[in-house]
Amino acid sequence: VSYTVTDCHGNEYEANLKHNGATYNLGVLYFAKNPDFVLDVVDLSKTAPKIGDDIATVTLINGIYYPHFGKVMGFETIKHKDSGSQAGDINYNMMVHNGQTDRNVTGRPILDMNLNLIGIQCGTLTDGEVSFDNPHAIPWSVIEKYISAYGM
């Protein structure tokens, strides 16, 4: 499966799906070399986030990305089974934070104050949209485990 990915500057990149892990609700994309653009890639944090850590989020408002700041509020076990969703079975601690997000958007980065990735926003788990009281993210530990298993 191939995708066209557009960055926040409007640059388009061609990517191929290497692996899709339904249990993780994550996937690995490989990007074709493009001499006209440099794709900025964020690093995975070297340490897991802790309750009270400062975070940065981004929201899209009228076509412009705005940064927001917040804190890690905790971790909540999500037990989710939906055979009709690509998410499949999810059974891990989600990171709960109070940073502003686009509520039902999945995939936006959650960053630490060194601009390293510590989570990926999770907005929707089913076509019926699971509603969370606070924003949730796929946490660092799940991302790290997925990358270790399926490579970069």
Side-chain angles (χ1 to χ4, degrees), residues 1-8 13 15-31 39-152:
V1 178
S2 64
Y3 296 92
T4 299
V5 178
T6 305
D7 70 13
C8 63
Y13 304 92
N16 291 307
L17 182 64
K18 177 189 175 200
H19 184 272
N20 179 21
T23 302
Y24 293 89
N25 200 18
L26 292 170
V28 175
L29 294 175
Y30 275 93
F31 289 87
L39 181 63
D40 292 327
V41 178
V42 66
D43 290 322
L44 184 64
S45 175
K46 292 186 182 358
T47 59
K50 297 180 285 313
I51 295 172
D53 283 357
D54 292 322
I55 62 160
T57 63
V58 293
T59 57
L60 181 63
I61 302 171
N62 297 325
I64 299 171
Y65 288 94
Y66 291 93
H68 299 280
F69 300 94
K71 292 194 177 290
V72 175
M73 305 301 291
F75 296 87
E76 180 181 347
T77 299
I78 299 296
K79 293 184 188 221
H80 169 70
K81 184 174 178 71
D82 178 19
S83 58
S85 166
Q86 279 197 329
D89 296 331
I90 295 176
N91 187 0
Y92 54 75
N93 283 334
M94 297 284 276
M95 184 174 66
V96 181
H97 62 88
N98 65 357
Q100 186 173 336
T101 64
D102 303 317
R103 271 296 182 179
N104 290 321
V105 173
T106 296
R108 298 234 201 278
I110 308 298
L111 306 172
D112 64 16
M113 292 297 99
N114 294 315
L115 301 180
N116 293 313
L117 185 69
I118 59 168
I120 297 174
Q121 181 62 32
C122 185
T124 304
L125 292 178
T126 70
D127 31 0
E129 293 189 356
V130 173
S131 179
F132 296 124
D133 291 335
N134 292 304
H136 283 61
I138 298 169
W140 177 91
S141 58
V142 174
I143 299 166
E144 180 189 46
K145 185 176 177 183
Y146 183 80
I147 290 171
S148 294
Y150 300 106
M152 291 279 284

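Starting from 1, each residue takes its place in the sequence as its number.
- For the pair Met73 and Asn98, the tightest heavy-atom approach, listed with the atom from each and the gap, is SD-ND2, 3.6 Å.
- Of the possible polar contacts, none joining the Asp43 side chain to the Asn116 backbone as a donor-acceptor pair under 3.5 Å is found.
- Rounding to the nearest 0.5 Å gives a distance of 8.5 Å between CD of Gln121 and CE of Met95.
- Contact between Ala56 and Met113 at its shortest, heavy atoms only, is N-CE, 3.6 Å.
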Exercise. Do His97 and Ile110 pass the side chain to side chain contact (heavy atoms under 4.5 Å, CB included) test, and can you show the C-alpha distance, the side-chain angles, and the key distance before you say yes or no?
Worked result: CA-CA 9 Å; His97 62 88; Ile110 308 298; 3.8 Å; yes

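- Thr57 contributes a side-chain N or O that, together with a main-chain N or O of Gln100, makes up a donor-acceptor pair within less than 3.5 Å.
- No side-chain donor-acceptor contact under 3.5 Å links Glu76 to the backbone of Asn93.
- Minimum interatomic distance between Ile55 and Gly99 (heavy atoms only, all atoms of both residues): CD1-N, 4.2 Å.
- Taken from OH in Tyr65 to OG1 in Thr59, the straight-line distance is 10.0 Å, to the nearest 0.5 Å.
- Under the 4.5 Å side-chain criterion, counting only non-hydrogen atoms from C-beta, Asp53 is not in contact with Asp112.
- Considering all non-hydrogen atoms of both residues, Trp140 and Ala48 come closest at CE3-CB, 3.2 Å.
- For Phe75 against Pro49, the heavy-atom pair with the smallest separation is CZ-O, 3.6 Å.
- A pairwise comparison of heavy atoms in Ile143 and Ile138 identifies CD1-O, 3.8 Å as the closest pair.
- Interatomic distance, Leu111 CG to Asp54 CG, rounded to the nearest 0.5 Å: 12.5 Å.
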